[in-house]
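Here is the naming used below: chain letters follow the sequence lines, and residue numbers restart at 1 for every chain.
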Protein chains: 2
Amino acid sequence: MSFTIKDIAKISGVSTSTVSLVISGKGYISESTREKVQKVIDEYNYRPLRSARQLAANRTGNIGFIISDVHLSRSEAFYSRILLGAELEARNYDTYLLLSTVPVHINAPDDFPRFLKGRDVDGVIIVGSVSPILIDHILKLGMPIALVDYRVPGLEIDSIIMDNRYGLSLIVEHLVHQNVTHIGFVGGSFYHPSIKERFEGYQTAMERLGLGDISRNKNYHYLVEEETTTDIGSLGAEQLLKTVNNLQAIICVNDTTAIGCMNKLQSLGKKVPDDILVTGFDDVNYAALTNPSLSSIHVPKIEMGMGAMKLLMDKIENPDKISQTQLIPVKLVERMSSIRPNRE
Amino acid sequence: MSFTIKDIAKISGVSTSTVSLVISGKGYISESTREKVQKVIDEYNYRPLRSARQLAANRTGNIGFIISDVHLSRSEAFYSRILLGAELEARNYDTYLLLSTVPVHINAPDDFPRFLKGRDVDGVIIVGSVSPILIDHILKLGMPIALVDYRVPGLEIDSIIMDNRYGLSLIVEHLVHQNVTHIGFVGGSFYHPSIKERFEGYQTAMERLGLGDISRNKNYHYLVEEETTTDIGSLGAEQLLKTVNNLQAIICVNDTTAIGCMNKLQSLGKKVPDDILVTGFDDVNYAALTNPSLSSIHVPKIEMGMGAMKLLMDKIENPDKISQTQLIPVKLVERMSSIRPNRE
DNA sequence: CTGAAAGCGCTTACAG
DNA sequence: CTGAAAGCGCTTACAG
């Protein structure tokens with residue numbers, strides 16, 4: 001068997017309480033004692049047994065990471081970065097992440113993540129939109145939640161969201177500065193707040209720049225009540241081309257749709273950026289690899305994941321803390337797809 | 001607080017031992033007692049606390065799932081299905097999967113998954129090729145391993161692999177039956193055994209069908225010491241076209257390279273399948289969505305993940321069991337990309 | 001087939 | 001600042 005806290009205590013000549021205190025960093029320990037004990041711990045490479053620790057401290061040491069199956073498969077490049085960020089931060093808390101996908105529409109309690117049925121996590125991070133039934137259920141369990149890229153207005157839950165409206169205003173300004181004014185928008189279902197905010201950001205920015213007639217013109221935006229896929233991007237491009245004269249640019253609600261959009265434009269004989277400018281949102285890692293490279297709004301995904309983990313652990317340690325919403329800043333990344341040629 | 005085993009014992013009028021036995025299904029319990037206790041458990045929706053259980057039984061209840069960062073990012077569609085399979089099976093053992101990526105080349109112990117440093121898993125599943133240093137280290141820890149899509153000859157480790165050679169013979173036969181004989185091969189680094197086996201399968205099948213002169217002709221295959229990406233597929237297509245007269249078909253080592261290959265062929269004005277046939281391997285979920293749809297070798301990924309989990313749990317319960325290698329059968333899926341038009 | 005009891009390896013008031 | 005001791009909620013020989 002491995003060493004236990006008793007062994008370490010005996011070797012160091014102190015009590016197990018003292019060893020425990022040294023490890024956890026809690027309480028007051030004289031510097032000399034701490035050093036003495038720490039030396040023994042290091043020497044024997046001692047690590048406390050998780051399950052014993054958990055049992056005694058009434059913590060599981062696990063955090064649930066929940067995402068809808070549809071989001072994960074549709075925007076894997078986006079959400080997997082958030083998972084990575086959360087995992088990186090989890091290491092600082094000596095916590096493990098338990099990943100679970102859930103159906104978009106929860107029908108039965110059977111669809112809940114199984115770590116919820118046991119008492120196997122101390123809290124959960126939920127990424128993207130998810131059934132209100134699930135959130136309700138977790139709340140009733142009294143379990144802390146941190147939301148990423150989602151919000152439930154009216155509920156007291158920590159959340160981390162990116163500044164979608166601001167991102168859209170950056171794009172619109174970038175285009176208008178190039179004297180591009182006939183700007184279409186391809187979006188998706190408002191079920192996801194980010195999608196809605198991006199569309200609203202488009203409208204607000206257009207109106208602010210005196211292009212309100214365009215942003216309110218039905219022909220200028222193609223929205224579908226579906227998940228944002230490359231297909232939606234293709235359909236949107238086709239549709240806008242059909243209904244709008246003199247279309248100069250298409251703002252896509254995210255990079256995935258932008259890629260579908262560019263492919264469709266090219267297969268219809270329209271060159272990007274020569275004939276039409278295209279932009280995305282999220283700046284997923286393949287955005288720089290498309291041809292032409294895709295202009296996008298950079299979203300710090302890793303940081304969002306880390307932030308969620310921090311918020312959650314903070315909430316677990318201080319249950320009475322007031323919940324907050326963090327708005328993560330974004331920035332424009334100009335690439336080939338949105339640079340108008342021969343501007344001079 | 002929640003109910004404990006003591007509460008259940010008191011309510012049912014038995015001892016905690018009996019309740020424990022009912023839950024675990026171990027030992028002999030009279031049917032009537034079992035029913036009585038089970039009823040109370042169901043009624044109060046009792047679930048034993050993991051950490052207590054783990055502490056008492058000296059099990060962590062966790063399994064580590066290790067994959068190299070490069071594999072995961074290159075073949076995400078393939079390996080994520082294996083993860084899903086393992087997760088599905090994990091539920092049957094009431095076990096959680098702890099996911100960790102590792103660098104392809106481990107340099108320092110710091111690169112090891114952190115669940116290895118603690119004693120936080122009962123065993124690990126390793127997917128794809130991984131540094132021998134890591135495997136050595138785990139073996140020294142005395143921790144059971146199950147390998148998926150990888151093998152270390154000479155070591156006693158359970159492994160699950162697909163029948164790569166047989167898959168390749170199916171492809172070659174399928175092509176030759178259509179009177180296609182000028183068949184090239186695009187592959188990757190032999191660091192990964194599957195890649196090597198597929199190439200060898202190609203050679204063996206070609207020779208068996210009397211086309212040995214082709215399979216041994218360097219001009220007929222493009223192999224690079226790199227991860228198999230779409231780029232490799234493009235390069236391979238270009239290269240084979242350049243060096244081989246009358247090229248009729250290209251067998252790609254997996255679907256990813258096949259997609260790069262098809263794109264390149266089309267951009268060079270060659271039609272698939274009219275001018276050249278193309279095949280892949282793995283049958284990832286987007287293989288059916290390419291244009292033309294891609295013929296491939298179907299690999300039961302979910303089943304492989306489940307199988308690995310079973311092998312591993314079996315090994316954990318019976319440490320003296322002899323390790324085995326399971327060869328998973330594969331089958332050809334004929335789609336448009338390999339059907340020669342106007343055969344009649 | 002079932003119960004009493006020890007023990008798993010920690011944490012945490014409590015006392016000093 | 002440190003130690004003795006109780007207790008976390010289970011499992012598992014052991015006895016009967």
Classify the nucleic acid contact of [X] as base, sugar-phosphate or nothing, counting any heavy atom under 4.0 Å across all strands shown.
| X | value |
| --- | --- |
| B:Ser20 | base |
| B:Lys6 | nothing |
| B:Ser30 | sugar-phosphate |
| B:Ser51 | nothing |

d([atom1], [X]; [atom2], [N]) in whole Å:
| X | N | atom1 | atom2 | answer |
| --- | --- | --- | --- | --- |
| B:Arg50 | D:dC10 | CZ | C1' | 13 Å |
| B:Ile41 | D:dC10 | CD1 | C1' | 13 Å |
| B:Arg53 | D:dC8 | CZ | C1' | 16 Å |
| B:Ile5 | C:dG3 | CD1 | C1' | 13 Å |
| B:Asn58 | D:dT11 | CG | C1' | 11 Å |
| A:Arg34 | D:dC1 | CZ | P | 10 Å |
| B:Leu21 | D:dC14 | CG | P | 15 Å |
| B:Lys10 | C:dT2 | NZ | P | 20 Å |

Which nucleotide in [options] has an atom nearest any side-chain atom of [X]:
| X | options | result |
| --- | --- | --- |
| B:Tyr28 | C:dA5, C:dC1, C:dC10 | C:dC1 |
| A:Val14 | D:dG3, C:dC10, C:dT2 | D:dG3 |
| B:Ala56 | D:dT11, C:dG3, D:dC1 | D:dT11 |
| A:Leu55 | D:dC10, D:dT12, D:dG9 | D:dG9 |
| B:Tyr46 | C:dT11, D:dG3, D:dC10 | D:dC10 |
| A:Ala52 | C:dT2, C:dC10, D:dA5 | C:dC10 |

Discussion item. Between A:Glu87 and A:Arg91, does any NZ, NE, NH1 or NH2 come within less than 4.0 Å of an OD or OE carboxylate oxygen?
Written reply: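 Looking at A:Arg91 and A:Glu87, the cut-off is met.
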
Worksheet entry | Ion pair A:Arg114/A:Asp120, N-O distance below 4.0 Å | no

Practice prompt. Please report the shortest heavy-atom distance between B:Arg151 and B:Ser159, naming the atom on each side.
Written response: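 Smallest interatomic distance, heavy atoms only, reads CG-OG, 3.7 Å.
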
Worksheet entry | Over all atoms of both residues, closest heavy-atom pair of A:Pro144 and A:Ile316 |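 It is CG-CG1, 3.8 Å.
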
Worksheet item: Does a distance-only test, which skips hydrogens and angles, find a donor-acceptor pair under 3.5 Å between the side chain of A:Thr16 and the base of D:dA4?
Response: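 No such pair is found, so the answer is no.
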
Discussion item. Can you list everything that forms a salt bridge (Lys or Arg N to Asp or Glu O under 4.0 Å) with A:Asp149? Sequence neighbours excluded, please.
Written reply: none

Worksheet item: Which residues satisfy the salt bridge (Lys or Arg N to Asp or Glu O under 4.0 Å) test with A:Glu156, sequence neighbours excluded?
Response: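 With sequence neighbours excluded, A:Glu156 shows a salt bridge (Lys or Arg N to Asp or Glu O under 4.0 Å) to no residue whatsoever.
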
Worksheet item: Hey, is the side chain of B:Thr4 poking within less than 4.0 Å of OP1 or OP2 on D:dG9, counting only N and O atoms?
Response: no

Practice prompt. Return no unless some side-chain N or O of B:Lys26 is found under 4.0 Å from OP1 or OP2 of D:dT12.
Written response: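 Answer is yes, contact under 4.0 Å.
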
Item to complete: Select from B:Ser15 and B:Ala57 the residue whose nearest nucleotide in DNA chain C is closer to the 5' end of that strand.
Response: B:Ser15

Practice prompt. Test B:Ile106 against every option in B:Leu134, B:Ile135, B:Val130 by the side chain to side chain contact (heavy atoms under 4.5 Å, CB included) rule and name the one that passes.
Written response: B:Leu134

Worksheet item: In a check of side chain to side chain contact (heavy atoms under 4.5 Å, CB included) between B:Leu98 and each of B:Ile63, B:Thr60, B:Asn62, B:Val124, which one passes?
Response: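 In the set B:Ile63, B:Thr60, B:Asn62, B:Val124, the residue that makes a side chain to side chain contact (heavy atoms under 4.5 Å, CB included) with B:Leu98 is B:Asn62.
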
Fill in: DNA chain D: stems of at least 3 consecutive Watson-Crick or G-U pairs whose donor-acceptor distances fall under 3.5 Å
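Listed by first number, the stems are C:1-3 with D:14-16, C:5-12 with D:5-12, C:14-16 with D:1-3.
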
